[in-house]
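All values derive from a computational prediction rather than experimental measurement. Each chain gets a letter, A, B and so on, in the order the sequences are listed, and its residues count up from 1.
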2 protein chains.
Amino acid sequence: MTTPNNPPVVVDIHTHMYPPFYIHLLQSRTTIPSSVPLLSSPPSPDHLPGRPLTKSYTSLPAKISFMNTHNITTSVLSLANPWLDFLPPSTAGQTSLQINADFQSMCSSSQANNRLYFFACLPLSAPLPTILDTITYLTTLPHCRGVIMGTSGLGSGLDDTNLLPVLKQLAEDNLPIFLHPHYGLPNEVFGERATKGEYGHVLPLALGFPMETTIAVTRMFLAGVFDAVPELKMILAHSGGTLPFLAGRIESCLRHDGYLFKKDREEGKGRRGIWEVLKSQIYLDAVVYSEVGLKAAIEASGEGGVERLMFGTDHPFFPPLEEGEEQWGSVTVNKEAVDKALGEGSKEAELVMGGNAVRVLRLYEE
Amino acid sequence: MTTPNNPPVVVDIHTHMYPPFYIHLLQSRTTIPSSVPLLSSPPSPDHLPGRPLTKSYTSLPAKISFMNTHNITTSVLSLANPWLDFLPPSTAGQTSLQINADFQSMCSSSQANNRLYFFACLPLSAPLPTILDTITYLTTLPHCRGVIMGTSGLGSGLDDTNLLPVLKQLAEDNLPIFLHPHYGLPNEVFGERATKGEYGHVLPLALGFPMETTIAVTRMFLAGVFDAVPELKMILAHSGGTLPFLAGRIESCLRHDGYLFKKDREEGKGRRGIWEVLKSQIYLDAVVYSEVGLKAAIEASGEGGVERLMFGTDHPFFPPLEEGEEQWGSVTVNKEAVDKALGEGSKEAELVMGGNAVRVLRLYEE
């Protein structure tokens, strides 16, 4: 494969699909998640009690057509939430093999025409050896460029010490984690009127998702995971949730927390600050829907921060295509944010729109 | 009173105290909140099971001394959380009178030397007429410049329609609300290790607080409160929590939420977007501990955004003074953020450091 040079590449690193085996899995289930209720919880784009899987979620030609309409050169596909979190330990390994094989098959198909890569899914409910074997296996799949992961890890979060061997293996195999929210926040925080449905899905989608991501990655940071696995690379969905804005407050709280300060000193722990981690181990997608957010995400990523952001669309979830529309708001709003923040056609804009993904994810390399 | 002109005024709009009557109230209680346990929950700066009230929390000379040490010209004091939320309806009104009288008395004392104003507290658990009477009374207190309020409103949040008369009265009397978090998020979202105390108080303080504020104000926005009370002014603690960073996502979710879109159309509702509200009814303090956050807060506040931010310290809570330190990190980090973002001594920096507070809160006017 060679890098397309002219016009500059546009790479979408945040774009979801349910491949055939996953659809089959959901359709055969009688409890949530199944194919209909799955999409009635966030990120369902409307307020209906259920939403059938449409072609946008399942069809490779529909994905390619979306890419063509929006001048996207290359997409890095990932399974949409809830991934395989709900599977019993006994079947998770086999299921992940099937689904990752589906993704590899889509990416290497003639229809894909060398324009697709993917983030694989891990069987996190399976026994540890199965998870580690899966990671080793992923390195043999030519179009796999990392894994997508939710915030629950093995079940109790990404700060669980039992997850460390998984993170170490991923780091060793140079497979970045694309961290994506799913569980949001407990409904009670959104209040009675939200529970009655008065606000549609706005609160869990607009606030619950990014807050979940922020909490998950901050827990990892406080647990010392980034120091324990310094080669681990994380790509955070939705520009890090709210991490760029809150990093200063996190750092201030950490430096001045009596308990942690004392503990770190006793353990002789030279903990790196959150800003250090942001500029060395964390990458952010550019799915933040505003120039304000995009600039903050870049600036929070350190001096060369513009090299750590990667364009994405969140297609086909959010926002959904409305009647009569051809352009997805997810593309236009996020591309406009890049153009406004960095200048349309600038070298920096080209990096965020595609160049960074090519470099960080080693796209177009054999 | 006249405006001090040289050097430029520095106004701290986020600075807390427990006046004498509140201390008396806490000390006489046998259940939480009481004087010790109150400060063991966030925002306690350490991990001890309790923390006695020190002079920093209670003493007027200590506050003045803090101001002198840090070149703060004028402070707008406010009662620290949990305010009066816990009081029974029968006593809340009388208690608020006493506490607001304490604040007025501090501000007009000779010690204060015309350098103090305050945000009053409201008896939100009292019957509505008592709350409205209190607001009317506040307009007679010469140093009152608004009210401090938590996110629970009358008990079920700021999107409760029963709160509207209160908000309308505040708007009519030109008393801005200083919105401040207290309840954070349910502990479960921070995971097992946080529950065991491994992370000190970092997660609820660094994330729970700003997320609570963001959720509260977004609920108000979705409920149409800003459209219903267009003269209402809100000053959001901690630079809006995470609102500046998430505004784009909120706007995108709102515009594309099938349910809300349909409802707004049916009701012929011309709902203003969140960006409109940010630049017309919302002010932010500058307590965000980073240049990144400060710039995002200014940019999210619209074209003249630099006129909507106001310096604050969160003294004496956060971060606490460490042994041997004289300068509070709360002051230096936040002042540095202003200097870096806007240029030390620039006209814009002077606005954020004091000029905006003088204008918005009508300081030094008779």
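- Contact count against chain A (heavy-atom pairs under 4.5 Å) is highest for B:Gly241 among B:Gly241, B:Ala216, B:Ala194.
- Interatomic distance, A:Phe190 CZ to B:Arg219 CZ, rounded to the nearest 0.5 Å: 9.5 Å.
- Atom CZ of A:Phe209 is separated from atom SG of B:Cys253 by 9.5 Å, given to the nearest 0.5 angstrom.
- Among A:Val189, A:Asp160, A:Thr161, the residue with the largest count of heavy-atom pairs under 4.5 Å with chain B is A:Val189.
- More than 12 non-hydrogen atoms from other residues, nucleotides or ligands lie less than 6.0 angstrom from CD of B:Glu267.
- The environment of A:Glu192 atom CD is sparse: at most 12 non-hydrogen atoms of other residues, nucleotides or ligands sit within 6.0 angstrom.
- Only the side chain of A:Lys263 comes within less than 4.5 Å of a heavy atom in chain B; its backbone stays farther off.
- Highest contact tally toward chain B, considering only A:Leu294, A:Leu246, A:Leu254, is held by A:Leu246 [criterion: heavy-atom pairs under 4.5 Å].
- Of the listed residues B:Ala300, B:Ala337, B:Gly157, the one with more heavy-atom pairs under 4.5 angstrom with chain A than any other is B:Ala300.
- Between the CZ atom in A:Phe245 and the CG atom in B:Leu243 there is a gap of 8.0 Å [rounded to 0.5 Å].
- The shortest distance between side-chain heavy atoms of A:Glu198 and B:Asp159 does not fall below 4.5 Å.
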- Carefully, step by step, assess A:Met211 and B:Thr214 under the rule side chain to side chain contact (heavy atoms under 4.5 Å, CB included). CA-CA 10 Å; A:Met211 290 174 180; B:Thr214 311; 3.8 Å; yes
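- Within the 4.5 angstrom heavy-atom criterion, no atom of A:Val333 approaches chain B.
- The closest side-chain heavy-atom distance from A:Arg249 to B:His238 is below 4.5 Å.
- Between the OG atom in A:Ser290 and the CH2 atom in B:Trp275 there is a gap of 4.0 Å [rounded to 0.5 Å].
- Contacts between A:Thr151 and chain B at a heavy-atom distance below 4.5 Å are absent for every atom of the residue.
- Both the backbone and the side chain of B:Val202 come within less than 4.5 Å of a heavy atom of chain A.
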- Task: Give the intermediate values and the outcome of side chain to side chain contact (heavy atoms under 4.5 Å, CB included) for residues B:Glu299 and A:Glu291.
- Result: CA-CA 9 Å; B:Glu299 288 171 16; A:Glu291 181 189 358; 5.6 Å; no
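- Both the backbone and the side chain of A:Ile250 come within contact range of chain B, with heavy atoms under 4.5 Å apart.
- A heavy-atom distance below 4.5 Å is found between the side chains of A:Ile215 and B:Leu185.
- To the nearest 0.5 Å, atom OG1 of residue A:Thr218 and atom CG of residue B:Leu207 are 4.5 Å apart.
- Between A:Ala223 and B:Tyr199, the closest heavy-atom pair is CB-OH, 3.5 Å.
- In this structure, NE2 on B:His256 lies 8.5 Å from OH on A:Tyr289, to the nearest 0.5 angstrom.
- If you measure heavy-atom distances from A:Ala247 to chain B, you find no contacts under 4.5 Å at all.
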